[in-house]
Structures are given as C-alpha cells and as structure tokens.
Amino acid sequence: MTYADYGLVNTKDIFTDAITRHYAVPAFNVYNMETLSAVVSAARDSHSPVILAVSESALKYMGADMLMGMVKGLKIKESEKIALHLDHGSSPEICQEVIKLGFSSVMIDASKMSFKDNMSVSKKVADFAHQFNVSVEAELGTISGIEDENTQSQYSSYTNPDDVIKFVERTNIDSLAIAIGTSHGAYKRKSETEELRFDILDKITQRLPNFPLVLHGASSIPENFINLINTYGGNLSNARGIPTQQLKRAVELNICKINVDSDSRLAFTAGIRESLAQHPENFNPREYLSCGTKKIYDNCIKEIQEIMNSANKA
Ligand code: G3H
Ligand code: 13P
Ligand code: ZN
C-alpha cells in the first residue's frame with residue numbers, strides 16, 4: 001500500500017500553505033494508541049494539519065504492522081491533511097524501509113556527520129524518496145539532548161547560515177531542521193533569560209526565503225504538568241522549556257514545522273499519576289490511561305491555537 005492509500009499526504013503542499021499563511025504545522029510524536037488518538041482527535045477537532053512523528057525507537061516499540069494497522073483505522077478522509085513522518089531517521093536504509101511501509105515523509109538525521117557526508121547521505125535519501133513523492137527533511141547543525149535511543153547528542157552547534165543554500169541546493173531536500181538553541185527533552189534553557197538565536201534564524205530565512213524550516217526540541221514544558229507530576233509522587237526538578245512567545249516569534253520567521261514530544265510525555269504522565277493518586281482503588285488501565293490521553297489532547301489543542309496558529313488551516 002502507498003501512503004495515499006491510507007489517506008496520508010506528504011508535507012510539501014502543507015508547508016507551502018504554512019509559509020504563505022504564516023503558521024507552523026505541528027509534528028507531534030506518537031508511540032501507542034493513546035498518543036495517536038489524542039493527537040489526531042486534537043487536529044481534527046481544531047481543523048489543523050498535523051504531522052504524526054514516529055521515531056525509530058517508537059516504530060520498534062509498536063511494530064510496523066501494529067502502527068500501520070492503527071493508521072488504517074484512522075480512516076483518514078481526503079479533506080484532511082495528515083502526514084506520517086519518520087523522526088530522526090539514522091540511515092538511508094531505515095528511510096527506505098518506512099517509505100515502503102507507507103510513510104509520507106522522512107527525516108534523515110546525518111547532522112553528526114561532516115558537512116560533506118551529511119550532504120551526500122541526505123541527497124541519497126531525497127533521490128530515493130522523491131521517486132515515491134515522499135518528502136524529506138534533513139538537519140544542519142546539531143540539536144542537543146536525547147534525540148532517540150540510537151543517536152544521542154550532548155552538544156549543540158548552531159547552524160551556520162553560510163552553509164544552508166549549498167546544502168539545500170545540493171541535496172534537493174524539502175525542509176531543513178536547524179539548530180538555533182532548542183534542545184530535546186524537558187531540561188532546555190539554562191536560565192529564564194536565555195533566548196533562541198533569532199539572529200541566526202533571521203540570516204537563514206534571508207538566505208532561504210520561502211523554504212520550509214523546522215524547529216526540533218520545541219516543547220514548552222508546561223509548568224502545570226511538572227507540578228502535577230511532582231505533587232503525585234514524581235520528581236522532576238529544574239525542567240524548563242521554550243517560552244510560547246519565542247516559539248511564536250520563530251513561526252513569524254518562517255519556521256513552519258514545530259516538533260513536540262516532551263510536552264505530550266509530561267501530559268500523559270501527569271494525567272495518569274493524578275488519576276491513580278485520586279482513585280487508589282482503581283486498577284482498570286482504561287480509566288487512568290484515558291485521563292492521560294485527555295491531557296495530551298487538551299495540550300495539543302492549546303498548542304495548535306496558541307503556538308502553531310494552525311487551527312482551521314486544514
Ligand atoms: O526527538 C526525538 C523524540 O523525542 C523521540 O524520542 O526515540 O524516545 O521516541 P524517542
Ligand atoms: P521535545 O523534546 O522538545 O518535545 O522535542 C521533540 C522533537 O524534536 C522530536 O523530534
Ligand atoms: Zn527532534
């Protein structure tokens with residue numbers, strides 16, 4: 001089956017619209033039935049396009065058949081704009097594998113390689129993916145934090161604006177993930193005053209006007225989830241995300257895909273912890289998992305409206 005048979009779309013047309021109408025398409029990570037249904041329901045209810053981001057470890061966790069069975073079960077309509085995207089693909093082989101499964105978009109993350117090798121690997125993936133009309137994202141510069149179980153990067157190096165034109169032209173990719181100070185996980189900025197490098201983003205936007213730029217590690221780490229988790233037996237201290245205002249400013253400067261995973265992880269954990277603490281007699285997983293799912297759903301709606309500006313754009 002091709003991705004179109006699942007009702008999925010690639011990201012090319014969505015990004016063109018996002019740039020024209022100044023919004024960002026949310027890429028929410030999914031890894032089970034609960035995350036998938038929360039994210040898709042939030043996108044549907046707010047009429048937003050959405051990218052379902054699946055990391056290699058999430059794919060392994062669900063299994064390809066289970067994932068594609070669930071995607072089929074979504075019964076996506078032609079009028080919807082839903083893409084299925086490989087997040088942080090570590091090799092051309094995994095990108096090819098998921099394209100055959102029915103993914104409509106892939107990220108090849110060769111950002112830890114030399115500039116030359118990153119270019120050659122990203123081009124190889126683009127050449128293959130484009131035969132199937134699948135869109136390709138690559139990364140220039142490195143984003144710190146835990147990316148996935150295979151490719152952990154402790155250090156960040158900002159994207160060099162002088163590299164971007166050559167990289168995009170030589171690779172023929174469809175979107176570019178850039179490093180401007182975000183990082184993966186719940187512990188992002190070292191201080192409250194730390195800002196994203198808007199000067200770098202501005203230079204990149206000037207060199208690549210109208211080219212889709214992607215922001216990874218963009219969770220805002222809502223304080224209410226941290227408080228709920230800590231109130232009900234968790235221990236997360238010094239968690240800090242990217243403030244909403246900074247994310248909105250990034251959207252104005254052509255960031256048209258914003259990746260969020262940690263916020264949903266926190267929402268799910270907060271909902272489950274709260275439910276279990278408030279109903280100690282309960283041992284029915286469907287009840288406490290539903291509370292976690294509802295928290296993800298509410299947070300996705302909030303971010304679609306307050307950060308992405310993507311409501312009613314599908
Ligand atoms: O940026 C990566 C995502 O947060 C995926 O993380 O490999 O643990 O699913 P994961
Ligand atoms: P967060 O950890 O900030 O949610 O980033 C997720 C991400 O970039 C997935 O690719
Ligand atoms: Zn990422």
Side-chain angles (χ1 to χ4, degrees), residues 11 24-32 34-36 38-39 50-64 67 83-91 94-95 98 103 105-112 136-156 159 175-189 194 196 212-223 225-226 236 239-244 246-247 250 255-270 295-296 299-300 302-304 307-308:
T11 51
V25 184
F28 292 120
N29 285 74
V30 297
Y31 34 83
N32 56 14
E34 286 76 14
T35 46
L36 185 65
V39 165
V50 72
I51 295 168
L52 306 173
V54 177
S55 67
E56 281 187 50
S57 53
L59 180 62
K60 202 165 147 199
Y61 177 75
M62 291 181 278
L67 168 65
L84 182 63
H85 172 81
L86 176 69
D87 194 25
H88 293 285
S90 62
S91 65
I94 182 70
C95 294
V98 301
F103 279 50
S105 172
V106 292
M107 174 190 191
I108 173 70
D109 182 355
S111 59
K112 282 167 225 73
V136 177
E137 173 185 329
E139 179 174 319
L140 202 48
T142 50
I143 296 153
S144 64
I146 295 170
E147 295 192 342
D148 70 40
E149 285 161 12
N150 304 321
T151 57
Q152 292 192 3
S153 157
Q154 273 180 296
Y155 307 101
S156 118
T159 305
S175 60
L176 180 68
I178 55 167
I180 56 164
T182 57
S183 61
H184 292 102
Y187 304 93
K188 298 185 189 297
R189 299 164 310 133
E194 200 172 300
L196 296 181
L213 301 175
V214 177
L215 202 58
H216 280 251
S219 274
S220 41
I221 314 297
E223 218 180 315
F225 296 147
I226 301 292
L236 296 178
R240 190 178 280 129
I242 311 294
T244 301
Q246 293 193 36
L247 293 169
I255 290 291
C256 70
K257 170 173 176 268
I258 292 194
N259 285 22
V260 170
D261 187 2
S262 297
D263 288 351
S264 301
R265 291 183 183 199
L266 291 169
F268 201 40
T269 305
K295 284 249 187 302
I296 299 179
N299 189 63
C300 288
K302 191 168 186 280
E303 296 194 350
I304 282 169
I307 296 171
M308 318 284 173

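Every number for a ligand or one of its atoms is a count from 1 in the order of the listing.
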Sub-4.0 Å atoms of ligand 2 with respect to non-hydrogen atoms of His216: 8 (O), 10 (O)
Ligand 2 contact on Ile242 by region, counting heavy-atom pairs under 4.0 Å: neither
Atom indices of ligand 2, in the order listed, that fall short of 4.0 Å to a heavy atom of Ser262: 1 (P), 2 (O), 4 (O)
Min N/O separation Val260 to ligand 2 under 3.5 Å: no
Enumerated ligand 2 atoms positioned under 4.0 Å from heavy atoms of His184: 2 (O), 5 (O), 6 (C), 7 (C), 8 (O), 10 (O)
Proximal atoms of ligand 2 relative to Lys188 (non-hydrogen, under 4.0 Å): 1 (P), 2 (O), 3 (O)
Heavy-atom check, side chain of Ser262 versus side chain of His184, under 4.5 Å: no
Distance-only side-chain donor-acceptor flag, Ser105 / Glu137, under 3.5 Å: no
From CE (Met107) to OG (Ser90), nearest 0.5 Å: 11.0 Å
Contacting atoms of ligand 1, where contact means under 4.0 angstrom from a heavy atom of Asp261: 3 (C), 4 (O), 5 (C), 6 (O)
Side chain proximity check, Asp87 to Val54, heavy atoms < 4.5 angstrom: no
Exam field: side chain Glu139 to backbone Ala110, donor-acceptor pair closer than 3.5 Å: no
Test item: side-chain donor near acceptor, Asp263 and Ser220, under 3.5 Å: yes
Min N/O separation Asp263 to ligand 2 under 3.5 Å: no
Interfacing atoms of ligand 1 (cut-off 4.0 Å, heavy-atom, Asp87): 1 (O), 2 (C), 3 (C)
Heavy atoms from other residues, nucleotides or ligands near CD of Glu194 exceed 12 (cutoff 6.0 Å): yes
Phe28 side chain reached by Val50 side chain, heavy atoms, under 4.5 Å: yes
Options Arg265, His184, His216, ranked by nearest heavy atom to atom 1 (O) of ligand 1, top entry: His184
Residue His88 vicinity, atoms of ligand 2 by number, heavy atom under 4.0 Å: 10 (O)
Nearest-0.5 Å distance that lies between atom CG in Asn29 and atom CD1 in Ile51: 11.0 Å
Ligand 2 contact on Ser55 by region, counting heavy-atom pairs under 4.0 Å: neither
Per-atom contacts, ligand 1 versus Ser57 - under 4.0 Å to a heavy atom: 7 (O), 8 (O), 9 (O), 10 (P)
Side chain, backbone, both or neither: Asp261 near ligand 2, heavy atoms under 4.0 Å: both
Atoms of ligand 2, numbered as shown, that sit under 4.0 Å from any heavy atom of Ser219: 1 (P), 3 (O), 4 (O)
Exam field: side chain Ser183 to backbone Ile143, donor-acceptor pair closer than 3.5 Å: no
For the Zn ion (ligand 3), the closest N/O/S atom belonging to His216: ND1
Approximate separation, where rounding is to 0.5 Å, of Tyr31 OH and Phe268 CZ: 6.5 Å
Ligand 2 atoms in contact with Gly217 (distance to a heavy atom under 4.0 Å): 1 (P), 3 (O), 5 (O), 7 (C), 8 (O)
Element-labelled atoms of ligand 2 that are located less than 4.0 Å from some non-hydrogen atom of Asn29: 9 (C)
Angle subtended at the Zn ion (ligand 3) by NE2 of His184 and NE2 of His88, nearest 10°: 100°
Check: Arg240 side chain, Arg189 main-chain N or O, donor-acceptor pair, under 3.5 Å: yes
Of the listed options Leu215, Leu266, Asp87, closest to atom 10 (O) of ligand 2 (non-hydrogen atoms): Asp87
Any Gly185 heavy atom less than 4.0 Å to ligand 2: yes
Close side-chain approach of Val214 and Ser175, heavy atoms under 4.5 Å: yes
Backbone or side-chain N or O of Asn259 under 3.5 Å from ligand 2 N or O: yes
Ligand-residue contact atoms, ligand 1 with His88, heavy atoms, under 4.0 Å: 1 (O), 2 (C)
Flag side-chain contact, heavy atom, 4.5 Å: Ile304 against Lys302: no
